[in-house]
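Sequence lines set the chain letters: A, B, ... in the order given, protein chains first and strands last, and positions in each chain run from 1. The model shown is predicted, which means the values in this text are computed figures rather than measured ones.
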Amino acid sequence: MSGFSDDMPFFDEPGARPPAASGSAGAPSGIAARAMAARQAQNGPPDYLKGLNPEQRQAVETTEGPVLVLAGAGTGKTRVLTTRIAHILATGRAFPSQILAVTFTNKAAREMKQRIGLLVGEAVEGMPWLGTFHSIGVKILRRHAELAGLRSDFSILDTDDVIRLIKQLIQAEGLDDKRWAPRTFAQMIDGWKNKGLGPEEIPEGDARSFGNGRGRELYRAYQERLTTLNACDFGDLLLHPIRIFRAHHDILAEYHKRFRYILVDEYQDTNTAQYMWLRLLAQRPRTSSAQPAEGRARRDGAPGDVSPAPAEGQPPQAAVRPVSENKVNICCVGDDDQSIYGWRGAEVDNILRFEKDFPGATVIRLERNYRSTAHILGAAAHLITHNEGRLGKTLFTDSPDPDDPKVNVHAAWDSDEEARAIGEEIEALQRNSHVLNDIAILVRASFQMRSFEDRFIEIGLNYRVIGGPRFYERQEIRDAMAYMRVVANPGDDLAFERIVNVPKRGLGEAAIRQVHDTARALGVPMLQAAATLAESDELKPKPRAALREVAANFARWQDLLETTPHTELAETILEESGYTDMWKNDRSADAPTRLDNLKELIRSMEDYESLRAFLEHVALVMDADKNEDLDAVSLMTLHSAKGLEFETVFLPGWEEGLFPHQRALDEGGRSGLEEERRLAYVGLTRAKRNLHIWFVSNRRIHGLWQSTIPSRFLDELPEAHVEVSESGSGFGGYGNPYGASRFDNIGSPTGGYAKRGDQGGSGGAFSNTYATPGWQRARQNRTEATSRNWGTRSGHAVERIGYGEADSGYGAGRGSVKSRTIEGELVAKSVADTPSAFSVGDRVFHMKFGNGNVSAVEGNKLTIDFDRAGQKKVLDSFVTAA
DNA sequence: TAAGGGTCGGTTTTT
DNA sequence: CCGACCCTTA
């Protein structure tokens, strides 16, 4: 027996000791649990069960045995999960510490914790085993680190560290790190680890495909290096525990005893390693070898009888071996239709296979949707039926309303117009006192955000980008963290290298190399090597003195580690190292911000009890604080929108090649397409009431204007729930200069596309549906259109297309476009050719930005240096002479 | 050590 | 075509 003893670090048990650990198999007898159970007996169903629909209630109350909850979008998934936990606690089935609840993101974990707290009240301490796969993995690994060749104070490397490390290894192998990109190899390792594969287990083909066939050696060297550094990458946080569980059945058995109930959120996103980890924990071994279990699920299986798990030698590729042993109280919640992370190793198959893995599993479908209108649900449902291999689920609403708007499909000429039109629509909503926080624009790829950002800056519309660069990824934060990492783990060479010459101490490449070599030769960390080297005479006086100081500093700080509060220590480190001074002396514009960030870093350390706890938080959580007070439109990718909801949603860029993305199609084939479709499904189901889908006819791809074709997904929407906007409804009525007729030819699927596709015939006859001959023909031209960089660079006579003339309107001459040889550059130039009323040097006034000077003119676009707002690009129609 | 030129890539993201 | 990144150069 090992583990779970009081001397194990990082095992803070908030509540009483679990009964299972003391040999009893009975239910916990906590006072709170008793009280709640008693109340339940007296007053009928407890409050927390009220208001659940029958399916939700079944999902909550089926606590025993394997359960799969297929929770469609907006069906109350989180509610079920949290209520289920509350129910288990309230009925005295387990202590908080006996429930393992895993999520993918910290955000989800936090939300769950909070909501359980609301349900259960103060009676129950926070759940120690509710967290992400990785944070629970660390917790386990810290306890048994020595079994993985690590000390319990190991560092967790982030992607950046990993890439630097791999680069060193590639160079050490004598390979060219240009030909063999470290980043690529880091991704390969990540992929292997997602599949649970160590260096010896990777396929020969994979091993040979990198570094002149030296992939396996490199991977092995990488792992060895991590051990030397006393460090882990993210993958190891799962893989090490898996190996430990397999090799030490007594340890695994302790966890089996402990975890009476296992809950998994977003099960469709689990990768193979996570699946193996879960199975090891969930799978209860047979009671005795004399009674080979055969689909026999013991109703009351005492958690006490745990014999070695039959896990030894389990093949890494998830062998499907039915768990037919003791009762497994595992509840996985997910939605196969929202599996959008296949590209990073998620195996939808895990959820599709659940009933085989856990025979006798109860499958509960949550299809009653509380979020969206019947039109939105109808559109989403119809779209997703085009996928094969689903478990099958159809969302419905109890409250259809005939007044609900249909899903709107709009067309625009190009991405700028798309942004402009959406911006105007949002302004119209705003005038109707629609809150901006209730509006989101969800894009397929982040480059699409740019046109929206540009436009919103121009018109002064508040927006926020979700998923941008994060606090802990900033240079100054990472530097500061590196100092603290070295103090906490002197073996962390990567952190040491990062800051040994920051601020500049005259330790150049040569000196650092020497430290490195000495460390290698002596088999000690670089910090120690630096100390040694500082006392020798192998270096010139200057670097020697510098190294001596660095070594002395770290020695001193390490001594302080035990005696000084960690925030104070952090301040000391940043002061004494000269790091704060470095920024104080920096005259660049962002230096003050960086100093603020450092202050903020110190401040945020107060929330953690130790330096190590803080470092771990940063490595795993990397959360940024966002400005919630601001009323702003949200701009994000479809991926980061999963789980969110908005009153009004705009989905721009529904064009072949972008959505579905060409690369998903090329690399993923049919399953790639299906994942794209699921992504579309996720997008549609984010909207509560208003849903606007947009596509454009022309998009700039890699700098070239290309003609585009509407997405096939548009065809997969049911006509009954969709309305195609023929003109820019909603923004034609207040004097915009573009005129309301522009979609007649450009945007409208029939007219515009038929003409542009050189099909002549059907132009002009507008039809309300996109399932028209013209549309179909346009699609047939797709291959041609998207693979062609049409036009010539020499700019021979090409019919002028009337675009961009703010004051003459669209449409002029559009109807006469017959040639296919519309040259991309000319489309752009037609903007530049339009003279602006302003010229360089003019003093102008802008509604939002105030006064400024025109510093460049490009057609009707002005670059203006504003006195206060800085340099902006603005359309000339938005400024007046000052 | 900062600026400048040349090369390359250009979906999605967490931990 | 535009940017990030890397390496070279004054």
OP1 or OP2 of [N] sitting under 4.0 Å from any side-chain N/O of [X]?
X	N	result
A:S446	B:dT12	yes
A:N106	B:dT14	no
A:R450	C:dC2	no
A:R663	B:dT11	yes

So which nucleotide from [options] ends up closest to the side chain of [X]?
X	options	value
A:K178	B:dG10, C:dC6, B:dT15	C:dC6
A:Y341	B:dT11, B:dT15, B:dT13	B:dT13
A:R700	B:dT13, B:dT11, C:dC2	C:dC2
A:E676	B:dT14, C:dG3, B:dT11	B:dT11
A:T637	B:dT13, C:dG3, B:dT15	B:dT13
A:K504	B:dT11, B:dT1, B:dT12	B:dT1

Would you mind checking if A:K193 and A:D233 are paired as a salt bridge, meaning a charged N to carboxylate O distance below 4.0 Å? yes
Rounded interatomic separation in angstrom, taking [atom1] from [X] and [atom2] from [N]:
X	N	atom1	atom2	value
A:R183	C:dA4	CZ	C1'	10 Å
A:L638	B:dT12	CG	P	11 Å
A:E675	B:dT12	CD	C1'	9 Å
A:I189	B:dT14	CD1	P	21 Å
A:M636	B:dT13	CE	P	11 Å
A:R179	B:dC8	CZ	C1'	15 Å
A:Y681	B:dT12	OH	C1'	20 Å
A:D177	C:dC6	CG	P	9 Å

Looking at B:dT12, does its base get a donor-acceptor pair with the side chain of A:R344 below 3.5 Å?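 Flag unset: no donor-acceptor pair detected.
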Per salt bridge (charged side-chain N to carboxylate O under 4.0 Å, His left out), A:D161 is matched among A:R225, A:R498, A:R485 by A:R485
Please state the C1' separation for the pair C:dC2 and B:dT13 - nearest whole angstrom.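 After rounding to an integer number of Å, I get 24 Å for this pair.
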Along DNA chain B (nearest heavy atom to each residue), the more 5'-positioned of A:H134 and A:H639: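 The 5'-side residue here is A:H639.
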With under 30° as parallel and over 60° as perpendicular, where do the rings of A:H639 and A:Y341 fit, or are they tilted in between?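 Answer is tilted, since the angle falls between 30° and 60°.
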Over 60° means perpendicular and under 30° means parallel, so classify the ring planes of A:H617 and A:Y608, tilted if in between. tilted
Using the six-membered ring for Trp and the full ring for Phe, Tyr or His, decide whether A:F234 stacks on the six-membered base ring of B:dT14 (centres under 5.5 Å, planes under 30°).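 By the stated criterion, A:F234 and B:dT14 do not stack.
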Do the two ring centres, one from A:F104 and one from A:F133, sit under 6.0 Å apart? yes
Kindly give the heavy-atom pair with the smallest separation between A:I163 and A:P182, and that separation in Å.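 What the structure gives for the nearest pair is O-CB, 3.9 Å.
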